[in-house]
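Heads up, the thing below is written out as C-alpha cells.
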Amino acid sequence: MEKELIRIRDLHASYNGLEVLRHVDFTVREKDFIGIIGPNGGGKTTLLKHILGLMKPTKGHIEFLFDRSGIGYLPQGREVDERFPITVEEVVESGSQRGLKNLIAGRRTGRERMQEVLSTVGLTHLRSRPVGELSGGELQRTLLARAIISKPSILVLDEPDTHVDNRFEMELYQLLRELNKDMTILLVSHDLGIISPYIKTIACVNRELHYHTSNEISEKQLKVYNCPIEIITHGPVPHRVMKTHK
C-alpha cells in the first residue's frame, strides 16, 4: 500500500455558524487519483480549502505527513488578469516558491525545468506570448504548468475544465493521467462521466464524505451516499441518459 500523505479525522467545518462539513474521515496516499464529486454547496471547495491550509476545522483534525509546500493548485476560473503585460513563461515561473534561479530538480537547472514543463503541457512555442493573447485552453495549460513547476507531491484541481473546449478537456485529462505517475491528484468535477476513465477512486461530498474505492459508481450507490449528481454515459454518439418520465 502506498504511503499516506494526508489524514483527515472527524473533520467539521462551518461558515458563520452554518455547518458545511461534518464527520469527514479521509486519507490521501501517494499516487492516488481521486475524483471529488457532489452537488453545488455540498462542501467540495471547503474540503479543498482545508487541504490547502486555507481553513481550520471547527472540530477534528487534518494531519499532513509531507512538506505542505509540496502542493500544486489549479483553481476554478482564470485567476489571471489578461490585460496585465505578462508572458506565459513569467506566469509559469510564478509557481516556483523559490524562483527559477534557485529551483533545482536533481541536477537540472531551473531553466531546464521550465523547458521540461512547457514541453509537458505543449506550450514551448508560446513561452513568450502575452497571456492576453491565449485561448481558453492555452491559458489553462499555462496555469497547470504553474501548478506543477515545483514538482508537487499533490496536485489539487478545482473543476479545471471550466472555460475550455471539448478537445482540450480530453487532452487535459490524458495529461493528468501521465502526471499521476509522479504525483497524487485530487480533482473536483461536476461531471463524473467525463472523469471516470481517468480517476482511480471517488469521494462523494455532500456535508459528509463517502469514499468509493473504484472509478465506477452506480445511481443506487450515489443515493446511498446522499450525493445527487447527474450520471452521463459514454458511447459512439454523444448522449446522456435521463430518468424515465412518468
Going by heavy atoms in the side chains, are V24 and P57 under 4.5 Å from each other? no
Inter-residue atom distance H212.NE2 - I34.CD1, 0.5 Å rounding: 13.0 Å
Are M183 and I148 packed together at the side-chain level, in the sense that at least one heavy-atom pair is separated by less than 4.5 angstrom? yes
Run the numbers on L176 and L157 for side-chain contact (heavy atoms from CB on, under 4.5 Å), then give the verdict. CA-CA 10 Å; L176 292 179; L157 307 101; 4.0 Å; yes
Taken to the nearest 0.5 Å, the spacing of I6 CD1 from T184 OG1 works out to 8.5 Å
Can you measure from CG (L192) to CD (E216) and round to the nearest 0.5 angstrom? 9.5 Å
A side-chain contact here means heavy atoms from C-beta on lying under 4.5 Å apart; do D67 and S153 qualify? no
Identify which one of T142, V92, L144 satisfies the side chain to side chain contact (heavy atoms under 4.5 Å, CB included) criterion when paired with L123. T142
Using modelled atom types and a 3.5 Å cut-off, is there a donor and acceptor pairing between side-chain atoms of E133 and backbone atoms of P130? no
Any donor and acceptor pair, going by atom type alone, linking the side chain of N180 with main-chain N or O of D32 inside 3.5 Å? yes
Side chain proximity check, R127 to Q115, heavy atoms < 4.5 angstrom: yes
The side-chain contact (heavy atoms from CB on, under 4.5 Å) partners of T46 (sequence neighbours excluded) come to A13, Y15, V20, L21, H50, M55
Please check: side-chain N/O of S189 versus main-chain N/O of D191, any donor-acceptor pairing under 3.5 Å? yes
Audit row: I8, L209, side-chain contact (heavy atoms from CB on, under 4.5 Å) steps and yes/no: CA-CA 11 Å; I8 299 176; L209 185 149; over 6 Å; no
Salt bridge check, R113 against E116: does any charged N sit closer than 4.0 Å to a carboxylate O? yes
Ion pair present between E89 and R111, side-chain N to carboxylate O less than 4.0 angstrom? yes
Is the shortest side-chain heavy-atom distance between I199 and Y173 below 4.5 Å? no
Would you please name every residue forming a side-chain contact (heavy atoms from CB on, under 4.5 Å) with K59, sequence neighbours left out? D10, H12
Rounded to the nearest 0.5 Å, how far apart are CD1 of I37 and OG of S196? 10.0 Å
Could you tell me the separation between the CD atom of Q140 and the CG atom of L172, rounded to the nearest 0.5 Å? 7.0 Å
Quick check: does any side chain N or O of K200 sit under 3.5 Å from a backbone N or O of K31, one acting as donor and the other as acceptor? yes
Taking side chain as C-beta onward, heavy atoms only, is E30 less than 4.5 Å from L5? yes
Taking the side chain from R146 and the backbone from V91, do they hold a donor-acceptor pair closer than 3.5 Å? no
Charged N-O contact under 4.0 Å between E63 and R9: no
Do side-chain atoms of K44 reach the backbone of V205 as a donor and acceptor pair under 3.5 angstrom? no
Report the distance from atom OG1 of T45 to atom CG of L54, rounding to the nearest 0.5 Å. 11.0 Å
Tell me whether E2 at atom CD has more than 12 heavy atoms from other residues, nucleotides or ligands lying less than 6.0 Å away. yes
Any sub-3.5 Å donor-acceptor pair from N215's side-chain atoms to P197's backbone N or O? no
Go through it in stages, so that I can follow the logic: the residues are V188 and L47, the test is side-chain contact (heavy atoms from CB on, under 4.5 Å), and I'd like the CA-CA distance, side-chain angles, deciding distance and then a yes or no. CA-CA 10 Å; V188 171; L47 177 64; over 6 Å; no
Apply side-chain contact (heavy atoms from CB on, under 4.5 Å) to the pair Y211 and T27, showing each step before the final yes or no. CA-CA 9 Å; Y211 185 64; T27 300; over 6 Å; no
Grab the two heavy atoms, one from P152 and one from A147, that are nearest each other, plus how far apart they are. CG-O, 3.6 Å
